[in-house]
Amino acid sequence: MIKFSLTLISSIIIVLGLNNFFGGPKNAGADPPELVITPFAGPDVTPSPACLAVAATGEVFVGVDMIGSLGKDPDKGRILKLVDKNNDGKMDEHTEFAMVDNPRGIIASGDQVFVLHTTFSKETRKATGMDLVVFEDKNKDGKADGPAKPLIQNLSNTKYIQERGTDHATNGIRLGIDGWIYIAVGDFGFHDAVDRSGKKMTMLGGGIVRVRPNGTEMEVYTHGTRNVYDVAIDPYMNIFTRENTNDGGGWNVRFSHHVQSGEYGYPLLFQNFTDEMLPALADLGGGSGTGALYMSEDTWPEKYNNVPMMADWGRSMLYIHRVTTDGPSFTQKEEDFIKLPQITDLDVDGSGRLYLAAWDGAGYSGNPSKGYVVRAVPTNWTYKAFPNVAKASVSQLAAMLKSGSAVARLTASQELLTHPAKEAADAALKIAADAKLPLYSRVAGIFTYAQAAGADGIQALVQFTKEDAIREFALKALADRKDYVQNVPSEPFLAGLKDPSVRVQAAAIIGLGRLGRTDAAKALLQTKVPASFVAPAKGTEGPHATPNSAIVLPHLAVQALVNLKAVDACVAAIGTENSSLALWALRYMHDKRAVDGLVYFYEQSKDENLKKQILITMARLYREEASYDASWWWGTRPDSHGPYYKAVLWKSSPAIESFLIGEWEKAPSADKSFFVDLNARHRMEIPAFGTEEKLAAKNEPKIDLEKIKNQKGQVGKSSIEDVLLAIAKLPGDPVKGKALFSRQGCVACHSISKGEQMKGPFMGQIGSIMNREQIAESILKPDASISQGFATVMINAKKDQTYMGFITEETATKVVLRNIAGEVFTIKSSDILSRKEMENSMMPAGLANSLSYEELASLVTFLSQQKK
């Protein structure tokens with residue numbers, strides 16, 4: 001990438017096109033005709049941009065990350081502030097706002113800039129965790145006034161950041177109109193994260209966490225996602241993600257709607273317990289979700305407005321998802337929008353200028369000559385200065401809550417909160433109460449009022465629950481802050497359970513779970529369980545990415561009952577019309593009262609189906625998940641059998657075992673298989689039930705890769721550059737390419753079909769992640785871009801055993817490793833003495849040396865067509 005002067009761009013860009021100029025894919029296609037996309041900053045200023053945020057007034061903050069997702073050395077990151085002084089679409093000046101490593105998320109709000117980043121020890125130069133911090137720039141000089149103030153510390157898994165980098169760590173942040181900062185947490189999870197109030201929290205796996213801008217009230221919002229990089233939040237507090245799942249093994253990118261308190265199942269419910277989780281809205285195939293934004297700006301054309309815009313680094317595409325209301329959730333339809341090479345993030349300012357960051361081939365560890373930022377505006381757009389809200393009066397700020405711009409409403413809301421609470425609350429209340437205003441304005445008014453008034457606003461919010469149009473949002477605001485929920489009455493929520501609107505019902509269920517009153521359990525138990533609540537058939541993987549709006553309400557009710565610890569109410573409901581929901585909730589209640597109640601109702605019941613469901617619940621309760629201490633991680637290919645990853649016994653396990661064995665002994669021979677299946681499905685490991693016979697692993701022929709790579713054909717005699725130029729002009733024959741895939745030894749480490757045994761990086765969707773040039777380069781230079789999750793691992797084990805290969809399966813008790821010859825080894829976790837990721841790819845260079853240009857083009861074309 002040649003460094004460039006922005007003053008020369010305007011004429012060049014018209015002739016060459018954006019993607020060609022920046023070195024992007026030549027087959028990228030035209031940009032949307034309704035938009036004008038122009039360069040804003042190049043790699044001389046913004047190399048390796050991992051994230052960005054835009055102030056309402058247009059200043060662009062870019063997180064430069066020369067460590068990348070797999071690097072481990074500090075002092076390579078910074079936040080830059082970029083300014084377009086004359087508003088002509090080109091950066092005129094920039095300052096180094098702050099030095100931080102691995103910036104992963106930024107919010108620019110008034111004088112404050114919030115940043116999520118990796119922290120390092122000055123002494124050891126090793127990563128110590130990830131922090132959410134806030135900088136201030138009150139003197140407006142483009143530089144942080146002083147050191148950052150931590151809001152949350154230890155917000156990731158230190159052990160694995162040190163070993164792997166930030167590839168599954170904590171990522172993007174975004175501020176909602178409700179005044180919470182929402183944080184995308186990768187499946188490294190975290191242990192003992194601590195907020196400004198001293199509150200500590202641990203989370204096994206990924207999801208969304210939220211915190212107040214002052215660093216207090218930290219809490220989990222949703223759980224059970226794999227590697228969320230960012231969140232898109234609409235004006236009504238619907239949250240959407242495009243989950244980054246590009247490590248192979250059949251885990252595709254998913255688009256999800258996040259409902260507060262929801263459990264999304266990764267990885268423990270993904271295979272055998274999908275009936276218990278909230279499914280994603282779509283499985284989108286291979287890719288790598290990155291930045292996200294909900295576009296809601298009245299300066300944008302209707303065609304591209306009021307939609308989640310989701311970046312996909314792997315596909316080099318910004319997507320639009322057309323979401324349609326479906327009960328308490330949505331359905332969606334994905335559309336290509338803007339092609340940008342390895343797009344990382346996006347944000348919009350109050351004038352409607354959309355900024356997008358491109359990684360542009362900077363690799364997994366950053367590159368000083370790759371990466372840039374572009375600006376996109378509608379073709380009929382004209383610049384209109386955003387007001388200086390710091391100088392605006394309370395009435396002027398309240399008027400901005402009526403704006404058709406979500407950026408303007410959020411900015412005005414946050415600024416109002418800096419004024420005296422009574423003035424701000426009164427102004428916001430008038431907006432919330434005005435039935436003539438659009439719903440988005442009233443919602444902004446409700447949440448602003450709730451923040452300004454605090455506990456004093458409860459009475460007004462209760463009154464709002466009596467109005468159909470805003471009942472859902474009044475209920476959300478009432479239960480939003482646990483600091484004063486003790487003063488919130490239950491009646492509006494109990495009434496909401498019977499509301500005609502399923503969205504109101506959802507808000508009521510979530511709210512009752514947050515109020516913490518067990519007397520609400522009886523009402524919650526009346527939530528109907530649909531016929532779709534069915535466990536996957538034995539040996540099949542359940543639907544974890546198929547919309548199922550009917551399951552949302554009972555799922556939320558179960559989460560609320562568990563949060564309330566409503567053991568007695570659930571036990572009392574066994575055998576009633578609410579039995580299904582009660583038994584579902586009891587699966588998560590490891591309490592002696594639950595076990596005793598289940599045994600009692602089993603012995604009293606004559607209903608064989610009910611007794612079977614009780615046995616299933618008992619099997620689920622036999623073990624529980626071990627407390628998470630962050631000393632381990634389930635890896636990029638986790639054991640997804642479920643229902644637990646590190647299952648341990650608890651005090652009632654002996655009683656459950658004795659009961660189940662007693663029933664097994666009494667069962668006729670024809671019914672004993674039920675207990676064997678139960679034992680396997682729930683991984684109880686009770687010896688009395690025996691185990692299912694497993695088929696032996698298929699032996700595969702060994703492949704001599706050394707012999708293959710030592711043959712010299714046209715490719716082996718040419719430079720990589722000449723090879724890439726040559727095959728770019730050759731279409732290739734995919735039929736010949738398929739045969740070469742086997743002949744050249746690719747099958748030793750890669751599978752194409754999901755029906756095959758998973759080996760190394762899955763090639764069945766490589767065409768949706770890489771273009772032809774990228775595929776060819778990865779074959780010719782395997783060390784240049786090792787697929788995340790497939791680095792070569794060296795394991796030293798007891799009895800002087802050493803193994804080298806890549807991990808194909810990992811559970812809490814074993815590691816399955818495959819070496820370059822295709823040999824498979826199962827190593828007990830207890831036997832492992834040391835484990836280290838190697839710097840080089842296990843794939844040797846030169847496997848294509850014997851090929852002609854035409855043959856390599858055929859192999860590349862075959863792989864490029866794999867888009868399952």
A.B. asks: For a 4.5 angstrom cut-off between non-hydrogen side-chain atoms, does Leu610 reach Ile574?
C.D. replies: yes
A.B. asks: Name the orientation class of the two ring planes belonging to Tyr160 and Phe188 (parallel below 30°, tilted from 30 to 60°, perpendicular beyond 60°).
C.D. replies: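 Rings of Tyr160 and Phe188: tilted, as their planes differ by 30° to 60°.
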A.B. asks: Count the heavy atoms of every other residue, nucleotide or ligand shown that sit under 6.0 Å from NZ of Lys482, and state whether that count exceeds 12.
C.D. replies: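 Buried by this count: over 12 neighbours within 6.0 Å.
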A.B. asks: Taking the six-membered ring of Trp650, is NZ or CZ of Arg623 closer than 6.0 Å to its centre and within 45° of its axis?
C.D. replies: no
A.B. asks: Any luck finding a side-chain donor-acceptor pair between Thr216 and Ser197 under 3.5 Å?
C.D. replies: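 The criterion, which ignores hydrogens and geometry beyond distance, is not satisfied for Ser197 and Thr216.
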A.B. asks: If I compare all heavy atoms of Thr465 with all of Ala474, which pair ends up nearest, and what's the gap?
C.D. replies: CG2-CB, 3.7 Å
A.B. asks: Hydrogens and angles aside, do Asp192 and Asn154 bring a side-chain donor and acceptor to less than 3.5 Å of each other?
C.D. replies: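 Result is no, nothing qualifies.
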A.B. asks: Is it the case that more than 12 heavy atoms not belonging to Lys611 sit under 6.0 Å from its NZ atom?
C.D. replies: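 Yes.
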A.B. asks: In the structure I gave you, are the side-chain heavy atoms of Trp180 and Arg481 within less than 4.5 Å of one another anywhere?
C.D. replies: yes
A.B. asks: Quick one about Arg242 and His321 (side-chain donor to acceptor, distance below 3.5 Å, no hydrogens or angles considered), yes or no?
C.D. replies: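 Indeed, the side chains of His321 and Arg242 share at least one donor-acceptor pair under 3.5 Å.
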A.B. asks: Test Leu278 against every option in Val552, Leu269, Asn548 by the side-chain contact (heavy atoms from CB on, under 4.5 Å) rule and name the one that passes.
C.D. replies: Val552
A.B. asks: Strictly by modelled atom types, are Tyr221 and Arg210 linked by a side-chain donor-acceptor pair under 3.5 Å?
C.D. replies: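 Not at all, the side chains of Tyr221 and Arg210 share no donor-acceptor pair under 3.5 Å.
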A.B. asks: Which residue pairs pass the ring pair (Phe, Tyr, Trp, His ring centres under 6.0 Å) test when at least one of the two sits in residues 510-537, sequence neighbours left out?
C.D. replies: Phe533-Trp584
A.B. asks: Between Ile208 and Thr225, is there a side-chain heavy-atom distance shorter than 4.5 Å?
C.D. replies: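 Heavy-atom side-chain distance check fails, nothing below 4.5 Å.
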A.B. asks: Any chance OH of Tyr484 has more than 12 other-residue heavy atoms, nucleotides or ligands included, within less than 6.0 Å?
C.D. replies: yes
A.B. asks: Looking at His258, Gln559, Glu263, which one forms a side-chain hydrogen bond (donor to acceptor under 3.5 Å, both in side chains) with His223?
C.D. replies: Glu263
A.B. asks: Of all heavy-atom pairs between Met203 and Val209, which one has the smallest distance, and what is that distance?
C.D. replies: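 That closest heavy-atom pairing would be CE-CG2, 4.0 Å.
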A.B. asks: Is there a donor-acceptor contact under 3.5 Å from the side chain of Thr222 to the main chain of Gln260?
C.D. replies: no
A.B. asks: What is the ring orientation for Phe473 with Tyr236, classed by angle as parallel under 30°, tilted 30 to 60°, or perpendicular over 60°?
C.D. replies: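 The arrangement is tilted - the two ring planes meet at 30° to 60°.
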A.B. asks: If you compare all heavy atoms of Ala569 against all heavy atoms of Leu525, which two are closest, and at what distance to 0.1 Å?
C.D. replies: O-CD1, 3.5 Å
A.B. asks: Measuring centre to centre across the rings, with the benzene-like ring taken for any Trp, is Trp632 within less than 6.0 Å of Tyr645?
C.D. replies: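 Here the rings of Tyr645 and Trp632 have centres that are less than 6.0 Å from each other.
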A.B. asks: Any side-chain heavy atom of Leu461 within less than 4.5 Å of one from Pro492?
C.D. replies: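 They are not in side-chain contact.
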